[in-house]
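Reading through the structure tokens given below for one structure.
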2 protein chains.
Amino acid sequence: MAFDRTNGLRDNTLPAGIDRTDAAILGLLQNNARLSIKEIAAEIGLAPSSTHERIRRLRDADILRGVHVEVDPKVLGIGLEALLMIELSKHRRSTVDSFLDEVIQVPEVRFAFLVTGRHDLVVHVVVRDTQHLKDLALDNFTNRPGVARIETSIIFDARRRYELPLLRQLG
Amino acid sequence: MAFDRTNGLRDNTLPAGIDRTDAAILGLLQNNARLSIKEIAAEIGLAPSSTHERIRRLRDADILRGVHVEVDPKVLGIGLEALLMIELSKHRRSTVDSFLDEVIQVPEVRFAFLVTGRHDLVVHVVVRDTQHLKDLALDNFTNRPGVARIETSIIFDARRRYELPLLRQLG
DNA sequence: TCATGATTCCGAATGTCTTCTGGCATTTTT
DNA sequence: AAAAATGCCAGAAGACATTCGGAATCATGA
């Protein structure tokens with residue numbers, strides 16, 4: 001019997017099929033999702049109806065996914081952000097998925113990454129202040145079964161990019 | 001002369017001034033920015049015109065900020081994500097701001113955090129594959145003046161929350 | 001308590017945008 | 001070459017966002 005060289009990653013959904021124009025639409029919408037179809041159409045040199053049809057197709061194909069607003073954290077009482085670098089105990093490593101699911105339920109958590117390297121998890125949290133950070137770390141993480149160790153990194157500054165790079169040749 | 005107890009953080013913009021209804025609107029829009037004003041109005045029990053006026057005010061006050069779509073990374077040829085944990089050399093620590101500005105220009109970078117602790121920067125990158133990751137790390141980071149050391153953490157899995165917690169009493 | 005002013009809300013009117021339809025041109029398939 | 005499929009456009013119809021005047025509510029102070 002031969003090896004399965006697809007390695008379980010085969011995907012029958014034919015994920016290709018976006019062209020240069022689609023890529024331009026995606027770029028615009030990643031940077032500003034409030035652009036009207038008319039504005040996008042003008043930018044890419046297509047009629048609004050054609051532009052609309054393309055966007056509808058991108059949505060149907062689940063290439064265009066959720067849309068989210070950013071909110072000023074200060075207004076909500078958020079004065080501090082941090083990364084929690086978590087190391088799991090050995091017995092917990094088998095059920096990492098459910099651990100991620102639990103962690104992401106905590107309201108103060110923005111994202112949780114399961115990673116290789118020195119740590120197992122990197123978790124971004126938003127809190128009121130250092131007191132709140134201490135309570136959150138102790139109550140929701142250090143104390144949690146399966147957590148072996150935590151390193152806390154306060155975030156002093158942050159920059160973001162909203163547009164993903166295009167790393168693929170287009171037909 | 002007395003100490004300045006504001007610690008340089010004073011803010012004359014009176015950031016308060018959102019009520020329970022505003023918070024509900026922010027919550028809905030963080031989870032789904034494509035909701036129509038009509039839908040939001042129905043959800044919070046207000047007339048569309050009133051809802052619209054509130055959203056306009058939140059935007060004018062810069063409480064509601066950018067809106068961004070998520071795009072399926074696979075379609076763009078992204079097959080791998082990683083965190084780069086960067087340690088800066090001593091002389092570079094004075095010009096950390098410009099370093100952040102430079103890093104965020106790299107198309108493969110999604111965010112860059114300046115942090116305390118073992119590392120100085122945590123940078124989220126998206127790449128095609130491990131080969132691309134190697135090239136990116138060497139060409140754009142290890143080789144960059146001011147970078148003392150890099151630790152690479154491959155991201156195996158990720159979860160996100162889009163709604164910030166409400167950590168403040170509302171008037 | 002009452003008057004006053006400010007705030008918040010509503011319903012209706014308006015203007016704009018999204019969405020749908022049909023048809024044309026181009027390309028691909030057979 | 002005929003047929004089918006694709007991508008585009010213009011125009012129409014409908015839904016929506018936006019604006020406005022006025023009513024209702026709330027806060028303030030006499």
Side-chain angles (χ1 to χ4, degrees), chain A residues 11-72 75-76 162 166 168-171, chain B residues 12-72 75-77 162 166 168-171:
Chain A
D11 177 9
N12 286 322
T13 55
L14 277 240
I18 85 164
D19 60 14
R20 200 165 311 275
T21 304
D22 290 326
I25 293 174
L26 296 180
L28 291 170
L29 286 178
Q30 283 177 95
N31 283 311
N32 180 10
R34 291 192 63 225
L35 288 173
S36 70
I37 289 177
K38 213 170 116 180
E39 289 169 311
I40 297 171
E43 196 74 37
I44 64 177
L46 231 60
S49 54
S50 310
T51 306
H52 175 263
E53 171 64 12
R54 277 175 179 269
I55 292 175
R56 193 194 57 71
R57 270 204 307 232
L58 290 170
R59 264 201 274 275
D60 289 352
D62 200 37
I63 293 169
L64 269 177
R65 297 180 171 172
V67 186
H68 310 276
V69 300
E70 288 178 282
V71 172
D72 178 9
V75 172
L76 301 175
Y162 297 103
L166 180 56
R168 172 191 289 220
Q169 299 296 13
L170 300 181
Chain B
N12 286 322
T13 55
L14 276 242
I18 86 165
D19 62 13
R20 201 165 308 278
T21 305
D22 291 327
I25 293 174
L26 296 179
L28 290 170
L29 285 178
Q30 283 177 95
N31 283 313
N32 179 11
R34 290 193 64 225
L35 289 173
S36 70
I37 289 180
K38 213 167 107 177
E39 290 169 311
I40 297 171
E43 197 74 38
I44 65 177
L46 232 57
S49 55
S50 311
T51 306
H52 177 265
E53 170 64 12
R54 277 177 179 270
I55 292 176
R56 193 193 56 72
R57 272 202 310 229
L58 290 170
R59 263 202 274 273
D60 288 353
D62 201 35
I63 293 169
L64 269 177
R65 297 178 170 173
V67 186
H68 309 274
V69 300
E70 287 177 282
V71 172
D72 178 9
V75 172
L76 301 175
Y162 297 102
L166 180 55
R168 170 191 288 217
Q169 299 295 13
L170 300 181

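Every chain is numbered from 1 and lettered A, B, ... according to where its sequence line falls, protein lines coming before strand lines.
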CG (A:N31) and CG (A:L26) are apart, to the nearest 0.5 Å, by 11.5 Å
Within residues 34-47 of chain A, those residues having any heavy atom closer than 4.0 Å to DNA chain D are A:L46, A:A47
Check: residues 42-49 of chain B side-chain donor-acceptor pairs under 3.5 Å, at least two apart:
none

(message) With a 4.0 Å cutoff (strictly under), does any side-chain N or O of A:S49 reach OP1 or OP2 of D:dC9?
(response) no
Residue pairs meeting salt bridge (charged side-chain N to carboxylate O under 4.0 Å, His left out), one or both in residues 21-32 of chain B, sequence neighbours left out, come to B:D22-B:R54
So the side chain to side chain donor-acceptor pair (under 3.5 Å) pairs with at least one residue in residues 32-42 of chain A (sequence neighbours excluded) are A:S36-A:E39
In the 5' to 3' direction, the nucleotides of DNA chain C bounding the stretch that comes under 4.0 Å of a heavy atom in chain A are C:dC17 to C:dC20
For residues 37-62 of chain B, the ring pair (Phe, Tyr, Trp, His ring centres under 6.0 Å) pairs (sequence neighbours left out) are none
Taken to the nearest 0.5 Å, the spacing of A:I25 CD1 from A:T51 OG1 works out to 5.5 Å
When rounded to the nearest 0.5 Å, the distance separating CD1 of B:I55 from CD1 of B:I63 is 12.5 Å
Taken in chain and number order and not counting sequence neighbours, the residues that satisfy salt bridge (charged side-chain N to carboxylate O under 4.0 Å, His left out) with A:R57 are none
The correct set of residues in residues 52-61 of chain A placing a heavy atom under 4.0 Å from DNA chain D is A:R54, A:R57
With five pairs defining each end axis, the helix from C:dT1-D:dA30 to C:dT30-D:dA1 comes out bent, to 10°, by 40°
Residue set satisfying ring-ring contact (aromatic ring centres under 6.0 Å, His included) with B:H68, at least two apart, ordered chain then number -> A:Y162
ask   = Side chains of B:V67 and A:V69: does their closest heavy-atom pair fall under 4.5 Å?
value = yes
Taken in chain and number order and not counting sequence neighbours, the residues that satisfy side-chain hydrogen bond (donor to acceptor under 3.5 Å, both in side chains) with A:R56 are A:E53, A:D60
Contacts of A:R65 meeting side-chain contact (heavy atoms from CB on, under 4.5 Å) (sequence neighbours excluded), chain-then-number -> A:D62, B:E70, B:D72, B:P73
